Amino acid sequence: MSDNKPTEERSLNFLEEIIEADLRSGKHTSIITRFPPEPNGYLHIGHASSICLNFGLAKKYHGTTNLRFDDTNPSTEETEYVESIKADVKWLGFEWARELYASDYFPQLYLFAEKLIEKGLAYVDDSSGEEIAEQKGTPTMPGYRNRYSDRSPEENLKLFREMKEGKYRDGEKVLRAKIDMASPNMLMRDPILYRIKHVAHHRTGHEWCIYPMYDFAHGQSDSIEKITHSICTMEFVPHRELYDWLIEKLGIFPSRQYEFARRNLSYTVMSKRKLLQLVNEKHVNGWDDPRMPTISGMRRRGYTPEAIRDFADRIGVGKRDNMVDVGVLEFCVREHLNKISLRRMVVFDPLKITISNYPEGKSELLLSENNPEDTGGGTREIPFSGEIWIEKEDFMENPPKKYFRLAPGQMVRLKSAYIIRCDEVKKNAHGEPVELVCTYFPESKSGEDTSGLKVQGTLHWVDADSAIPVEIREYDRLFRVEDPGSEEGDFKSYINPDSLRIISGALAEPALAAAEMGERFQFLRKGYFCPDKDSAKGRLVFNRTVTLKDAWAKEQKKA
RNA sequence: UGUCCGAUGGUGUAAAGGUAGCACCACAGAUUUUGGUUCUGUUUGUCUAGGUUCGAAUCCUGGUCGGACAACCA
């Protein structure tokens, strides 16, 4: 090729720029990142972005990523969450270099605290929570110290050891850093480092009754692991000053914190609190409800890890507030599913067709491609006979202009089969069509069409004799508004009442009987679907992952 | 009335003082045995007022708007 431009290097995001600069300057020879969830809930799409970011950055620069559980608050954390988080990260396709726990560092952290006390940089405070808050001032008013702040290092050391030994009750004392009660940064106003909690920890049990706060655990853990780039969300910007202060005073490995703006997704909520409400109040059927923005929900819905990674990649990373359109996610899902899913035909709302000129009692097997996007995808056999089902909405007695489907006297092709013409409409007492009598053109058989007939529409269908009944679950966005969290009143009042539609009487081509969990299908002209775990033998349940684009529906809406 | 962070089409993200680009969305056309896919094209943007400069999205100053910060949560 004459074009010798270097293979189009994509422009770097701000984190990549920082890392490349650090690598170039020799500040680091390799990088280590970490994904640090607290095991107190399920991971959602926001975490997925963070996972892709941290693991993706390390991968790009040939570094490693640790999975570290930030388990410093035993009252909220459980092993169950640890397991689900690990499963989610793995499912997304990432491998961590080390599986670590902040709780592994409790002994080391305790020593760090004693060191600070010895240096006169921390003290034990007997004040109540209210008193501490009171003395802290406000963002516009400086705080002030109390009498406990003057205790000697010796006394503090003694008191802190007693705290550790369980001599005091919850809330009776805390360890505080001695920094600056007048700092414009509230977090620097003698922040609490340790608190007493006589609570069992999911890993250390009753070994400890004092637990470090986030600020005294996170940076130190980063440092112990020699994390080079500790990437977190913007709300931690004010913590950075404290993060750096502690590393400096402790004289430990200088991990550095960098912040990015969390990605918000339209038409959903992401806060743990709100998600929990949806589950507890049964607006959804559990954390893995396919409408949930959780990783387990998306997995059950049929989203692929590839699509989610692609999504994270496309939306990139920045520092400003944002609201990413869920349409981008759906685009990524469609794009991947289009390439990999097996085509099948399923009629959701059946209308019977009798082909009057098809030999009585005859049936034949037709061939159809499994995936037109994949030439090696092979074919499958579909039975065809004189009695078939089509979609009710694919027939109109008085069709509008440009209606390419079936209507009296109008012809359509049945996908991978024949061209038919509608001759007669049989109706029930309400005047609704219940059966169409059609003729077919034998010489129009798919693949060997010599009929010379031209039709505009192609319909999906199933053979009446061999069709199997299936249940379909169609999901729509969970909320009616873009940003439920910022609307007036209770966010739950914006829930979309039609976010789940169950179709129990759908009929599927027989090949679908062999569908297995994990397989992805495109039901022709309907959307992408996957088997749900609720499927039972003889009663398959399919989740709609995402619809197909529908130019006709769009046109209808305009009209 | 404090400190910190931010502001580029409808959305997300690039352009490190020198052609405002890419993707999604939207729209139009072509192809199509899925009104799918694919292909081609089009519309739309630098918050504001000054300043520095031959030249500013980029640097400086003021303003405006949005967000974060006063948990013994992370």
Side-chain angles (χ1 to χ4, degrees), chain A residues 10-13 17 36-38 40 70-73 75-77 102 125 127-129 132-134 136-143 170-176 183-187 189 191-197 210-211 213-215 217-218 232-241 259 261 263 266 272 313-325 327-332 334-335 338-339 343 345 368-369 372-373 402-405 412-417 419 444 446-447 449 455-460 522-527 547-556:
Chain A
R10 241 186 64 224
S11 52
L12 304 177
N13 65 46
E17 302 228 1
E38 182 187 13
N40 70 344
D70 233 336
D71 55 351
T72 56
N73 184 2
S75 11
T76 59
E77 296 150 6
D125 192 330
S127 308
S128 69
I132 289 176
E134 160 83 37
K136 208 157 198 174
T138 69
T140 51
M141 292 271 296
D170 289 12
E172 216 173 317
K173 285 180 165 47
V174 292
L175 181 72
R176 291 228 254 169
S183 170
N185 183 349
M186 297 294 291
L187 277 155
R189 322 246 266 222
I192 294 172
L193 266 21
Y194 265 92
R195 78 288 216 185
I196 300 169
K197 266 180 191 269
I210 56 170
Y211 293 93
M213 297 287 289
Y214 166 84
D215 286 300
H218 201 98
C232 61
T233 46
M234 294 293 283
E235 66 260 35
F236 290 98
V237 168
H239 293 253
R240 191 177 56 228
E241 194 180 355
E259 310 87 9
R263 262 77 260 285
S266 63
K272 221 166 256 177
D313 226 52
R314 278 172 194 266
I315 62 177
V317 54
K319 299 185 79 141
R320 50 181 149 142
D321 295 338
N322 57 82
M323 178 60 73
V324 180
D325 196 309
V328 179
L329 212 206
E330 290 172 349
F331 169 85
C332 296
R334 282 193 192 99
E335 186 170 66
N338 176 48
K339 291 198 188 95
R343 270 54 173 180
M345 293 199 284
S368 191
E369 69 274 17
E373 305 294 315
K402 295 209 285 189
Y403 184 80
F404 300 152
R405 309 176 185 186
V412 294
R413 170 170 293 281
L414 296 176
K415 172 70 182 173
S416 297
I419 290 174
S444 70
S446 190
D449 187 350
V455 294
Q456 303 230 62
T458 300
L459 306 185
H460 64 280
Q522 184 197 100
F523 293 171
L524 248 54
R525 305 207 300 139
K526 282 297 189 182
T547 59
L548 254 22
K549 274 207 212 159
D550 191 343
W552 173 245
K554 199 185 270 180
E555 190 131 335
Q556 292 295 285

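Below, chain A is the first sequence line, B the second, and so on; all start at residue 1. Please read all numbers here as calculations on a predicted model, not as lab measurements.
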Discussion item. Could you tell me how far G62(B) sits from A16(B) if I compare only their P atoms? Round to whole Å.
Written reply: 26 Å

Worksheet, complete the sentence: Per side chain to side chain contact (heavy atoms under 4.5 Å, CB included), L548(A) is matched among Q522(A), R334(A), K526(A) by Q522(A)

Worksheet item: For atom P, what is the distance between A56(B) and A49(B), given to the nearest Å?
Response: 15 Å

Discussion item. With a 4.0 Å cut-off on N to O distance, would you call E330(A) and K549(A) a salt bridge?
Written reply: no

Item to complete: Give one of base, sugar-phosphate or nothing for M213(A), where a contact means two heavy atoms less than 4.0 Å apart.
Response: sugar-phosphate

Response to the item:
C27(B) -> Watson-Crick or G-U wobble partner, both distances under 3.5 Å, gives G41(B)

Response to the item:
Under a 3.5 Å limit on both distances, the Watson-Crick or wobble mate of C72(B) is none

Discussion item. Using a 4.0 Å heavy-atom cut-off, does E38(A) contact any base of the nucleic acid, only the sugar-phosphate backbone, or nothing at all?
Written reply: sugar-phosphate

Practice prompt. Check every strand shown and say whether T72(A) touches a base, only sugar-phosphate, or nothing at a heavy-atom separation below 4.0 Å.
Written response: sugar-phosphate

Discussion item. Are N73(A) and K197(A) packed together at the side-chain level, in the sense that at least one heavy-atom pair is separated by less than 4.5 angstrom?
Written reply: yes

Discussion item. Heavy atoms only, 4.0 Å cut-off, all strands: where does V237(A) land among base, sugar-phosphate and nothing?
Written reply: sugar-phosphate

Discussion item. Is a donor from one side chain sitting under 3.5 angstrom from an acceptor on the other, for S183(A) and N185(A)?
Written reply: no

Worksheet item: Heavy atoms under 4.0 Å, any strand shown: does E17(A) hit a base, just sugar-phosphate, or nothing?
Response: base

Item to complete: Using a 4.0 Å heavy-atom cut-off across all strands, classify P37(A) as base, sugar-phosphate, or nothing.
Response: nothing

Worksheet item: Which part of the nucleic acid does S127(A) contact within heavy-atom distance under 4.0 Å: base, sugar-phosphate only, or nothing?
Response: base

Item to complete: Quote, to the nearest angstrom, the P distance that separates G50(B) from A15(B).
Response: 28 Å

Item to complete: Between U61(B) and C24(B), how far apart are the C1' atoms? Round to whole Å, please.
Response: 37 Å

Discussion item. Checking base pairs now: Watson-Crick or wobble, both atom distances under 3.5 Å. What partners A15(B)?
Written reply: none

Worksheet entry | Touch class at under 4.0 angstrom, heavy-atom based, for Y403(A) against every strand present | base

Worksheet item: Which value, in whole Å, describes the distance between the C1' atoms of nucleotides G6(B) and G29(B)?
Response: 41 Å

Discussion item. Taking the nucleotide of RNA chain B with the nearest heavy atom to each, does G457(A) or K319(A) sit closer to the 5' end?
Written reply: K319(A)

Discussion item. Does N185(A) reach a base, just sugar-phosphate, or nothing at all? Heavy atoms under 4.0 Å.
Written reply: nothing

Worksheet entry | Contacts of type side chain to side chain donor-acceptor pair (under 3.5 Å), residue R240(A), not counting sequence neighbours | E259(A)

Worksheet item: Which part of the nucleic acid, if any, lies within reach of Q522(A) when heavy atoms closer than 4.0 Å are counted: base, sugar-phosphate only, or nothing?
Response: base

Discussion item. If you define the side chain from C-beta out and look only at heavy atoms, does anything of E369(A) sit under 4.5 Å from R343(A)?
Written reply: no

Discussion item. In whole Å, measure the gap between the C1' atoms of U44(B) and C22(B) for me.
Written reply: 15 Å

Worksheet, complete the sentence: Comparing nearest nucleotides in RNA chain B, the 5'-proximal residue of the pair A551(A), K554(A) is K554(A)

Worksheet item: Base, sugar-phosphate alone, or nothing: which one does K402(A) contact when heavy atoms must sit under 4.0 Å apart?
Response: base

Practice prompt. Remember a base hit wins even if backbone is also touched, and classify K549(A) as base, sugar-phosphate or nothing at under 4.0 Å, heavy atoms.
Written response: sugar-phosphate

Worksheet item: Using the P atom in both, what is the distance from C25(B) to U40(B), to the nearest Å?
Response: 15 Å

Worksheet entry | Distance-minimising heavy-atom pair for K136(A) and M186(A) | CE-O, 3.6 Å

Discussion item. If I pick the P atom on G36(B) and the same atom on C27(B), what distance separates them, to the nearest angstrom?
Written reply: 12 Å

Worksheet entry | Pair assignment for G63(B), Watson-Crick or G-U wobble, requiring both distances under 3.5 Å | C47(B)

Practice prompt. Shoot me the first and last contacting nucleotide of RNA chain B against chain A, ordered 5' to 3', at under 4.0 angstrom to non-hydrogen atoms.
Written response: G2(B) to A74(B)

Practice prompt. Could you tell me which nucleotide pairs with G35(B) by Watson-Crick or G-U wobble geometry, both distances under 3.5 Å, or answer none if nothing does?
Written response: none

Worksheet item: Base, sugar-phosphate, or nothing: which does V317(A) touch, judged by heavy atoms less than 4.0 Å apart?
Response: sugar-phosphate

Practice prompt. May I ask you to say what M323(A) touches in the nucleic acid, namely base, sugar-phosphate or nothing, with a heavy-atom cut-off under 4.0 Å?
Written response: sugar-phosphate

Practice prompt. Keeping the roles fixed (side chain from R525(A), backbone from F523(A)), state whether a donor-acceptor pair exists under 3.5 Å.
Written response: no

Worksheet item: Is the ring centre of H218(A) less than 6.0 Å from the ring centre of F236(A)?
Response: no

